[in-house]
Every structure is written in structure tokens, then in C-alpha cells.
Amino acid sequence: MIRREQMCNAAVILLLLAIPLWAHSADAPFVITLATKVTILALAGVGLNIALGIGGLVSLGHAVFFGIGGYATGILASHAQTYEPLLQAPFVIEGTNQMPIIWLVAVVFSALAALVIGALSLRTSGVYFIMITLAFGQMFYYFAISWSAYGGEDGLSIWVRNEFPGANTLVPLHFFLICFAILCAVLWFAARLARAPFGLALAAARQNQDRVEAVGITPYRLRLVAFVVSGAITGLAGALFADLNRFVSPSMLSWHTSGEIMIFVIIGGVGRLFGPVVGAAIFILLEHFLGGISEYWQIYLGGFLLVIVLYARGGVIGALAGREVAHD
Amino acid sequence: MSLILVLEQILNGLQFGVMLFLMAAGLTLVFGVMGLINLAHGALYMVGAFAAAIVASWTGSFVLALAASLMAAATAGALMEILVIRKLYDRDHLDQVLATFALILVFSEGTRWVFGSFPLFLDVPPYLSGPVTLPGGIEYPLYRLAIIAIGLVIALGLFWLISRTRIGVQIRAGEADREMIAALGVDISRLYTLVFALGAALAGLAGALVGAIQSVQVGMGEPVLILAFVVIVIGGIGSIKGALVGALLVGLTDRLGSIFLPQIFALVMEPSSATTAGASVASMLIYILMALILLLRPSGLYGRSA
């Protein structure tokens, strides 16, 4: 029997694919851009959900990885535009406008950042962990602001969207489909990860650390790996986001971004595979429609979020699909 | 480099540290007693600054402005506690983070709605403006000295309150065992509201005092909030003493780093890149300090356990 959550998931993913396809035939590129934004932000949320949902690691610093991904795109593309090598000595590194290479760089560097931040902050837990991830996030934010070589506070523009072999990324639908394919692949990976021994042990470490230690598993290592995987996925999302906007700025690294990524996860439902997808979609719709009504739409967003946190624990998927899946 | 410049930066560092202490003290008390992480503490800082700027423009009195900042922030804090925060004590930290993040959105956008995006200005009163000459021939702004003095007096008052008064006993007992003091007949929810309002008032006062040096604008509390978190992580959560030591450490490190690092870098690099590299690293210095202290003492200088 197919569970209600799986039916919800199937509906969500089909809708996310169908709307841009319809928009393409109806010649409504703006709708495709909105859907692409949802897809990319959902990807960032899926990344965070691995640390937050499975591992119980409340990271308020995921904007770091999102921003590193963004800057990987921005920096490599800007060097490709000016034909100035990124590095002269000891060996020459050229910029590039090929998405796959940029993605690889984004993933590697955000994973490295996650390794360092995680290794330090996972020595603590609870509130300390929240505050420390937040503080490291702020550190990268200030660094980006003072890094005048790549635009400093003003950010960095990407004149032409980077290229992907076999597709024309300037066509909104092509770029959407690239992002959508990545999201599907990562969702599949996240589902596998949650059911693999690694994911089960990670979830067990969240539920009862003492018991996990008693059977000989070290939670620190599990959590560090989860944090790195989580950061790498969010970094990939950041690289795509920079290409969507053709612009990178320190605001991608600001702690409001961390808060927003967390909001996607929460609105949808913590620990639910498709939670971030639903959450990001609702967030973008709210931004679009409330933003049209009032410049101060974030007041309503705040109110909505308060209601969700105080009265609707489990998020939207929790409300739709019921509590069939234990996610404490 | 002259000795005077160094002393001046030390005083700047003290002034910055004392302000951070006013923020961190409230956060650490609220965490210690109620086990709550409050991201909206920066919003209370902003409320205090706005209240002070408005009352100062109405009455022209700086003292009344400071009183207004205390009152407004304490009232906002008490309301916040009664309406929202109270429901969060039994929740996990994730819910607390989200709900207080939501409160930030409401407070920031609400303030922007009412007052617009342009900064307000709060003037230093004539009797506190201008420099004074300190022993050793250092010219230093009187107002900044006054901030250091006010901050230290409040720190002493807070230590006295916690260690010598009946409320202080209840606060310390609340940290140790909240069920037990409720069973002993202390009205625990009133105590919580009181502690929250006290922390809010300190944040509001800090906002007003800093508002006279910088501009009063929406979002002004958030960078300070995050620095206050760094202070608490360094000092140890729940410890007022840790908050004071951590705040002074962060304040001094930040101000001394921003003048010394470019000069240290200039020893090994060419001057232009030394300035930018020095400024970049200086902006990261306090976080590096935090990382180092975490490596040595994961629960902070005066923390009990993480």
C-alpha cells in the first residue's frame, strides 16, 4: 500500500515539473524562474535537512555553504570572462564557465568548510552548537564583505549564465530542468542515506546518544560526516542560485539566509524527505504574493512562522500526511 | 606606533566590551534560568534605541531618553515573554530558534513600517560631549568614558543583585532546579517574566547608549546579537562572570586587532595588500579567538558543561 506521505511527495514533484512545462508552452518565463528558485532553495533545504532532520544538528550557519557555492560560481565565471587566470604560481588555474566543473569546485570547497566548522562546533552540542555555527557564519560574511578583490560589499555580477554541455542554459526551461534533475538525484540520495546503516545510526545518535555510544558507535564522526554531506549539498545549491540570479553578494552568506533555509525545512516538516521542497515552494509563493501586497511582507511571514512553530508542529507535510512516520 | 594610540584603542575596546556585556548578560541569564535561546534579543536592543531617539527628540533630555529605553525594552520584553516565549520553555532549541527568528522578522519589519528605513539620530548631550584629557595626555571622548562607567556600574549592580538579594537567590535557584523552587512556593512564571524583562531592559539601555554614537536604524541589533553569542560561548553559558570576561576579551581583541594586524602584516607584505589582508583577518579575529577557546575549553571559560 502506498502511504499518504509518498502520495504527497509524488504530487509535489509532479507539480514542480508540470508548472514550468506549462509555463514554457504558455510563454511565461517568469513562472519558470520562480519554479527554478523553488527547486534551488529546496535543494539547499534538502542539504540542511540531512544535518537537521536526521542528525538533529540545529545549524544556523548553512548560509556559509550556500555562499561558498555562490562565490565558486561567481569567482570562476568572472575569471573566465576576463581571461585572467585564477592562480599564476605554482601552476596556472584558469577560470571556467562550465557548470559541471563549477559544481565540483563548489561541492569540494563547501565540504571543506563544513569539515572545519563541523570539526570545531561538533565538540559542543545544544545551544552552544547553534551559537557557534551562527558565529562562524558571521565570520565568513564579514570576510566576504572585506574581500575587495571579488566585489566586497557590492558583490559580483556574472554577465552570461554559465554553460552546460548539451543544453542552452539561457533558455529558462533548460536551466530549470538541469536544476530539477539535480534536485531529484539529491532527493534519491537523501532517501537512500536515511535508510542506510549510516542514516539509521545518525538518527539513533539524535534519539539516544548514550545507547549509541554503548554499542560502540562514535556519534562525533557520524555527525561530522553528516554535516559535511549536508554542507556540500547546500553549497551545490548556492552555485546554482548564483547562476540563476547571475549575481553573488555577501547577503548569500548572511545569517538571514541561514534562517530562511531553516524556515524551508520547518514549514515543510523536519526530517521529511520532501519537507524542504514544500517549504521552499510555500516560502516563494508567500514572498511573491504577500510581497505584491505589502513591502513589509516579512511581518506576515513572521506571524505565519510563529503559528507553524507554536501550533502546527510537523509542518505542512506532517499536517497532510499525518504522523505515520515517527520523527519525534 | 605611539603608546597613546594603543591606550586609546584599549579604552575603545573596553567601551565596546562593556556594551557587549549589557547584551550578553540578558542572554546568558535567560538561558541560564529558563534554558531558552533568544535570537530576538537584538530586537529589544533596537526597541531601546528607537525609544531613546524618539523621547530625546520630544523632550531634549538624554536622561529621560535613557529611562525611556529601559522602560520600552522592559515592556516589550515582558510582552514578548507573556505572549510567545512562555510557550517555548518546554520546546526543543529548534522551535525556540525559529519562533524567536520569526519575532525578529515581526519586530524589524514592524519598525521599518512605522519609522521607515532612514536612520534616526540621537545626540550626545552637551555635558557629555567633547574630549577630556586623561592622565598621560590622552584626549578621549567623555561620552565613551561615561559608557564604560555606566557599564561597569551596571555590572557591579548585577553581581550584587544575583548574589545578595532575594530575587538573586530565586534566580540562582531557578538555574539549579526549577521544579524545586516552584514547589517551595516561588511564583515561577512571574520570576521568568521578571528575568526576561530585566535582560530586555539591559539590551535596550545598550541600544540607547550605542545609538548616540552610531545611527539608530532597523536591524542594528543583529550584528551585536551575534557578537553577544560569541561572548557567551567564550564565557560559558549561564555565567554572568563569564559574560563580563568574555565581553571585555572580545571588545579588546576586536579593537586592538583592527589596528595591530595590518601593521603586523606590513612586516611581511607590501603595504597595500597588508592593509586589505590585515583588515580581512581582523574582521575574523574574534571568531578565531572563539574557535581557540572552544578547542581548549568546549564549555567556555566559566561554563559548567556543554
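Remember, predicted model here, so these are calculated numbers, not experimental data. Letters A, B, ... are given to chains in the order of the sequence lines, protein chains preceding strands, and every chain is numbered from 1.
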Inset, instruction - In sequence, state the C-alpha distance, the side-chain angles, and the governing distance for A/T124 and B/V233, and then conclude on side chain to side chain contact (heavy atoms under 4.5 Å, CB included). - result: CA-CA 10 Å; A/T124 64; B/V233 167; over 6 Å; no
Inset, instruction - Output the option from B/I37, B/V106, B/L295 having the highest count of non-hydrogen pairs under 4.5 Å with chain A. - result: B/L295
Legend entry - From B/F229 atom CZ to A/W255 atom CH2, the distance as rounded to the nearest 0.5 Å: 7.5 Å
Inset, instruction - Start with the C-alpha distance between A/H256 and B/L105, add both sets of side-chain angles, then the distance that settles side chain to side chain contact (heavy atoms under 4.5 Å, CB included), and finish with yes or no. - result: CA-CA 10 Å; A/H256 272 264; B/L105 295 180; 4.3 Å; yes
Inset, instruction - Write down the atom of B/A291, the atom of A/F136, and the distance for their closest heavy-atom approach. - result: CB-CZ, 3.9 Å
Inset, instruction - Would you indicate whether A/R221, at its atom CZ, is surrounded by more than 12 heavy atoms from other residues, nucleotides or ligands within a distance under 6.0 Å? - result: no
Legend entry - Gap between atom CG of B/L88 and atom CG of A/L310 - 0.5 Å precision: 5.5 Å
Inset, instruction - To the nearest 0.5 Å, tell me how far A/L306 CG sits from B/T100 OG1. - result: 9.0 Å
Legend entry - Option in B/E222, B/M290, B/K87, B/R91 with maximal non-hydrogen atom pairs under 4.5 Å from chain A: B/R91
Inset, instruction - Measure distances from A/L52 to the heavy atoms of chain B and classify the residue's part below 4.5 Å as side chain, backbone, both or neither. - result: side chain
Legend entry - Under 4.5 Å from any heavy atom of chain B - which part of A/L134: both
Inset, instruction - Can you tell which part of A/F129 gets under 4.5 Å to a heavy atom of chain B, answering side chain, backbone, both or neither? - result: neither
Inset, instruction - Might you work through the side chain to side chain contact (heavy atoms under 4.5 Å, CB included) test for A/Q138 and B/L227, ending with a clear yes or no? - result: CA-CA 9 Å; A/Q138 197 74 350; B/L227 287 180; over 6 Å; no
Legend entry - B/I232 CD1 to A/I132 CD1 distance, which is reported to the nearest 0.5 Å: 11.5 Å
Inset, instruction - Go through A/I308, A/I130, A/I145, A/L301 and name the one with the most non-hydrogen pairs under 4.5 angstrom from chain B. - result: A/I130
Inset, instruction - Identify which part of A/V127 has an atom lying under 4.5 Å from any heavy atom of chain B, answering side chain, backbone, both or neither. - result: both
Legend entry - Nearest heavy atoms of A/R123 and B/P298, plus distance in Å: NH2-CG, 3.6 Å
Legend entry - Parallel, tilted or perpendicular: rings of B/W113 and A/Y296 (30°, 60°): parallel
Legend entry - Spacing of B/F101 atom CZ and A/I263 atom CD1 [to the nearest 0.5 Å]: 5.0 Å
